[in-house]
Each structure stands twice: as C-alpha cells, then as structure tokens.
Amino acid sequence: MKITNQSNFQPPVPSNAPNKNLSSMDVKPITDEVKILAAAHVQNTSHDDLYIINDPNVGEMTLESHTYDPERLNKVSQTLYFGGVADLFRGMQTHYQSFMSELKNTDPKLAESTGWGFSIDEKGEFIVNGTLSNESKSYLEEKLNANEDLLELAKQVPALFMQGLAYDRGADGKGPAWGKFDVNTDNFKDIIDFKEVFDASYSSMEDISFFKGNFDVLKYAQNVGEQLHNKAEAKFGY
C-alpha cells in the first residue's frame with residue numbers, strides 16, 4: 001500500500017488554528033522506518049496533526065504489505081513511535097525542562113555544557129555520562145535521581161522500549177525497523193541518551209497534539225532512530 005506524497009492532501013484549516021507557516025519549520029527528514037509507521041498512523045490522526053505529517057520533509061511514505069500485518073504495525077507504532085515510549089518522553093519533557101532551569105540557577109556552566117548526557121541503568125537509576133569530572137557526574141546523578149517525577153517515568157522506558165522492539169521483530173525474530181537493533185537491559189544505558197532525546201524533541205509549540213507538552217514526536221523519533229543507528233548493533237536485521 002502506497003501513501004502518496006502527503007503535500008497533495010490539504011485538510012481544511014480549523015477556524016481556531018493559529019497562523020503558522022509549518023512548511024518553513026526546521027524539521028529534518030525522519031528515518032525510513034519512521035516514515036512507514038507515520039504513513040499508517042496518518043489514517044487515525046486529526047486534521048491538525050495532518051499539517052505536521054504533510055510537511056514536505058516527510059515526503060512519500062511506502063508501506064509494503066509483506067513487511068507488517070496491520071496488527072503488528074499498530075503494536076509497533078503505538079509502543080515505540082506515537083504512543084507508549086513517546087508518551088513517556090513527552091511526560092518527562094516538562095520535568096526535564098524544570099530540572100534544567102533549576103540547574104541554570106545553581107550551576108549555569110554545567111547547565112550550558114554539551115559534554116554530558118544521562119540515561120537509566122539496569123537498577124532503575126539515572127547515570128550520567130560524558131566528559132565531565134567524576135565530581136560533576138556525581139552531583140548531577142544525585143540531583144537527577146532526587147527528581148522523583150522524572151525518575152518514575154524514566155524507569156518505565158527500557159522495558160516498554162524492548163517490548164516494542166520485540167513487536168517489530170515478530171515471529172521470525174528479525175526486525176525491519178528499530179527491532180533490528182540489539183538493545184537489552186544491560187546496554188540500554190549505553191545507547192539511549194535521555195538528555196539528547198529531550199534536547200532534540202523540545203518544541204516551543206504545544207497547541208496541537210504532535211507538539212503537546214512542548215514535545216515534537218517526529219523529532220523524538222528522528223533522534224532515537226539516529227542513536228540506534230550510531231550506537232547499537234543491527235543484530236536482528238534481515
């Protein structure tokens with residue numbers, strides 16, 4: 001099934017929609033595997049959301065029938081890309097922004113530094129990585145793990161993420177999209193950098209669902225896809 005270039009389909013502008021030139025937004029093309037899921041997701045999305053999917057950067061999307069059956073496609077989409085894990089990151093975005101605002105007041109140099117990131121380890125604790133001193137890493141880890149709202153949401157990510165990868169792999173144990181990458185309990189912290197996801201997915205827009213909670217779901221998917229391609233082994237590919 002081929003979804004033609006979405007720019008040919010222009011939904012009516014809601015009467016209360018703000019005057020935004022979305023075609024000029026700085027949105028990088030999303031990875032091919034996300035295009036496949038976005039193509040299917042567009043069938044169940046609102047007119048406002050279609051403006052985002054219609055962006056020329058998304059381009060043509062092709063869904064091969066032999067790649068995903070509808071049930072499997074829906075499970076992958078709603079677990080990894082547009083629900084599930086994406087919803088957890090959306091929920092964490094506000095807490096992360098508050099954390100960074102506080103850090104700017106207490107340690108502005110550390111807040112502005114791009115030499116660090118953080119993830120969640122197999123014990124369910126935040127761990128800081130990067131080029132910082134051990135003292136700075138310990139300081140950040142203490143502050144991050146004290147943020148209970150952020151931590152409780154983050155703890156749910158690895159298991160749900162790996163469940164989504166299992167859905168993508170299907171019965172034959174091989175995945176055409178993110179499922180081809182080997183992400184497990186032990187190496188999750190070395191592959192998915194939460195800070196990188198938050199920084200990449202932040203949006204000042206929040207009035208339509210793709211940007212709800214100052215979270216751009218397509219940029220989230222783009223960034224996670226890039227992290228997987230750059231840091232994970234494609235152990236389960238065809």
Side-chain angles (χ1 to χ4, degrees), residues 27-41 57-59 61-93 96 116-130 153-201 215-238:
V27 179
K28 295 191 297 183
I30 56 178
T31 54
D32 290 341
E33 54 262 29
V34 180
K35 288 182 182 180
I36 294 173
L37 278 298
H41 182 72
N57 288 309
V58 176
M61 306 172 183
T62 302
L63 175 63
E64 300 294 343
S65 59
H66 67 271
T67 302
Y68 289 105
D69 62 76
E71 182 179 1
R72 178 182 173 196
L73 175 69
N74 185 62
K75 285 182 177 180
V76 175
S77 175
Q78 293 306 317
T79 304
L80 292 176
Y81 302 99
F82 299 104
V85 175
D87 287 342
L88 288 172
F89 274 104
R90 186 190 300 279
M92 286 187 283
Q93 181 69 276
Y96 168 74
W116 65 279
F118 67 93
S119 189
I120 191 100
D121 66 12
E122 58 273 18
K123 299 177 183 178
E125 297 176 350
F126 283 128
I127 182 170
V128 173
N129 53 63
L153 289 170
K155 285 180 179 179
Q156 302 174 52
V157 173
L160 189 58
F161 192 87
M162 286 180 274
Q163 182 181 12
L165 299 184
Y167 286 148
D168 188 63
R169 288 168 195 155
D172 61 358
K174 294 183 179 295
W178 289 2
K180 66 187 174 188
F181 296 105
D182 181 21
V183 182
N184 53 61
T185 302
D186 293 330
N187 68 14
F188 181 90
K189 64 181 180 296
D190 302 316
I191 296 171
I192 304 300
D193 185 328
F194 280 52
K195 186 176 187 295
E196 186 178 326
V197 175
F198 295 136
D199 290 344
S201 64
F215 177 84
D216 184 330
V217 71
L218 292 183
K219 286 188 176 180
Y220 142 81
Q222 173 73 27
N223 180 262
V224 173
E226 289 175 351
Q227 291 199 52
L228 290 170
H229 280 275
N230 292 336
K231 293 182 280 186
E233 178 187 1
K235 186 177 180 178
F236 305 106
Y238 286 102

Starting at [atom1] of [X], measure out to [atom2] of [Y] and round the result to the nearest 0.5 Å.
| X | Y | atom1 | atom2 | result |
| --- | --- | --- | --- | --- |
| Y96 | F215 | OH | CZ | 13.0 Å |
| Q93 | D199 | CD | CG | 8.0 Å |
| M162 | L80 | CE | CG | 11.5 Å |
| I120 | L153 | CD1 | CG | 10.5 Å |
| T79 | W178 | OG1 | CH2 | 11.5 Å |
| F89 | I192 | CZ | CD1 | 7.0 Å |

Do the ring planes of F198 and F118 sit parallel (below 30°), tilted (30 to 60°) or perpendicular (above 60°)?
tilted

Shortest non-hydrogen contact from [X] toward [Y]:
| X | Y | value |
| --- | --- | --- |
| L160 | V85 | CD2-N, 3.6 Å |
| D190 | K231 | O-CD, 3.8 Å |
| R169 | V183 | NH2-N, 4.3 Å |
| K189 | S119 | CA-OG, 3.4 Å |
| R90 | V217 | NH2-CB, 4.0 Å |
| K174 | R72 | O-NH2, 3.7 Å |

F161 side chain near L88 side chain, heavy-atom distance below 4.5 Å
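Sidechains of L88 and F161: no contact.
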
Would you confirm whether [X], through its side chain, and [Y], through its main-chain N or O, come within 3.5 Å as a donor-acceptor pair?
| X | Y | answer |
| --- | --- | --- |
| K180 | G237 | no |
| N187 | D182 | yes |
| Q227 | D193 | yes |
| S77 | L73 | no |

With a sphere of 6.0 Å drawn around NZ of K235, does it hold more than 12 non-hydrogen atoms of other residues, nucleotides or ligands?
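No, NZ of K235 has 12 or fewer neighbouring heavy atoms, counting only those of other groups under 6.0 Å.
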
Of the options L218, V224, V76, which is the one that meets Y81 in a side-chain contact (heavy atoms from CB on, under 4.5 Å)?
V76

Under the side chain to side chain donor-acceptor pair (under 3.5 Å) criterion, do E196 and N223 qualify, and how do the steps go?
CA-CA 8 Å; E196 186 178 326; N223 180 262; 3.1 Å; yes

In sequence, state the C-alpha distance, the side-chain angles, and the governing distance for F181 and I191, and then conclude on side chain to side chain contact (heavy atoms under 4.5 Å, CB included).
CA-CA 10 Å; F181 296 105; I191 296 171; over 6 Å; no

